[in-house]
Amino acid sequence: MMHQLRFGSMDTEVGLWLVSRAPGASAALTAARHVIEEYARALSRFRPDSELSRLNAAAGRGPQAVSPMLYEVVRVALEQARGSRGLFDPTVRGRVVGFRRVTLGDGTVALPSGAELDLGGIAKGYLADRVAEQLARVGPALVDAGGDMRALGQDWPVGVRNPLSPERQLAVLRLRDQAAATSSVTKRGRHLIDPRTGQPSESDVHTAVVVAPTAVEAETAAKAALLLGRREGGRYLAERGLEGWLL
Amino acid sequence: MERWKALILSVAVGAILLGAAQPGPNETGALPDSPVTETRPS
């Protein structure tokens with residue numbers, strides 16, 4: 001029996017699918033929704049009272065004690081920033097300060113003056129991974145966090161949205177114990193900023209779709225390959241043994 | 001058993017079985033062979 005739950009969170013659409021005959025399957029989806037909503041409240045930069053907003057407001061004031069939840073997402077974001085050689089940078093938003101100046105302490109995060117963390121993209125990947133792993137204890141699971149996918153336990157058919165014609169799908173992926181993410185040069189009318197220059201991306205790629213072991217890796221690699229362009233982006237994915245389409 | 005009682009009983013059993021076969025809250029009842037969702041710019 002397949003169970004599903006769709007709802008709006010993190011400023012996007014979230015979908016959860018779980019295959020199980022266990023009596024607690026529906027409750028597992030509800031619990032997963034609560035986890036996502038708790039993270040969304042803490043990590044939103046659109047809510048002035050969110051934990052992330054408070055941390056951003058304290059930039060330049062030294063180490064700030066943060067919850068284990070925010071600490072873990074910042075840690076993952078910085079790890080991905082280092083691994084992508086700065087092509088993904090969680091500090092990019094209008095003003096480029098650079099992830100290398102963000103420091104983690106014992107349960108603390110210190111932001112340099114003028115820095116502002118934007119964890120929107122990486123948090124979706126992180127939650128897709130975390131929630132899918134949690135649901136997979138009950139049965140095969142698929143999590144869609146605003147387009148970032150993590151599929152566990154069985155083959156899950158997942159479409160690839162056509163960037164030029166959103167009502168049509170370019171292809172159907174069969175994901176099993178894998179993840180997929182898509183990155184595009186424009187999102188809701190805003191142009192992707194290249195953290196290397198602080199300027200809008202001049203990539204010759206419009207959209208990058210990447211399949212990786214985890215949604216966090218897929219999210220980072222899609223953004224990095226997109227910014228690098230067709231030739232270097234293809235090399236970036238090949239070096240990491242990842243599959244992708246640069247459109 | 002009188003005929004009308006047997007009829008009511010069979011309808012009740014049928015309804016219970018039908019209810020058990022129907023998806024409950026959050027259930028779709030079928031495994032997907034076409035995409036349930038799609039990857040898109042996040």
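Just so we're on the same page: letters track the sequence lines, and every chain starts at 1.
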Is it the side chain or the backbone of [X] that comes within 4.5 Å of chain B heavy atoms, both, or neither?
X	value
A:Glu13	both
A:Pro140	neither
A:Leu142	side chain

TODO: Locate the shortest heavy-atom distance separating A:Gln169 from B:Pro35; write the atom from each residue and the value.
DONE: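 Smallest interatomic distance, heavy atoms only, reads OE1-CG, 3.7 Å.
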
Task: Nearest heavy atoms of B:Glu38 and A:Val160, plus distance in Å - done: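 Taking B:Glu38 first and A:Val160 second, the nearest heavy atoms are CB-N, 4.4 Å.
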
Task: A:Asp148 and B:Thr39, any side-chain heavy atoms less than 4.5 Å apart - done: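 Counting from C-beta outward, B:Thr39 and A:Asp148 never come under 4.5 Å.
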
Open item on the list: Would you say that B:Arg40 contacts A:Thr207 through its side chain, given a criterion of any heavy-atom pair below 4.5 Å between the two side chains?
Closed with: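 The answer is no; the side chains never approach within 4.5 Å.
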
Task: Closest-packed option against chain B by number of heavy-atom pairs under 4.5 Å, given A:Ala145, A:Pro157, A:Gly15 - done: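 So the answer, after comparing A:Ala145, A:Pro157, A:Gly15, is A:Pro157.
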
Task: Top contributor to chain B contacts, counting heavy-atom pairs under 4.5 Å, from A:Gly146, A:Ala218, A:Ala208 - done: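 Ranked by heavy-atom pairs under 4.5 Å with chain B, first place is A:Gly146.
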
Task: More than 12 heavy atoms of other groups within 6.0 Å of A:Arg6 CZ - done: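 Above 12, so yes.
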
- [ ] Name the region of B:Thr37, side chain, backbone, both or neither, that has any atom closer than 4.5 Å to a heavy atom of chain A.
- [x]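 Looking at B:Thr37, backbone and side chain both touch chain A.
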
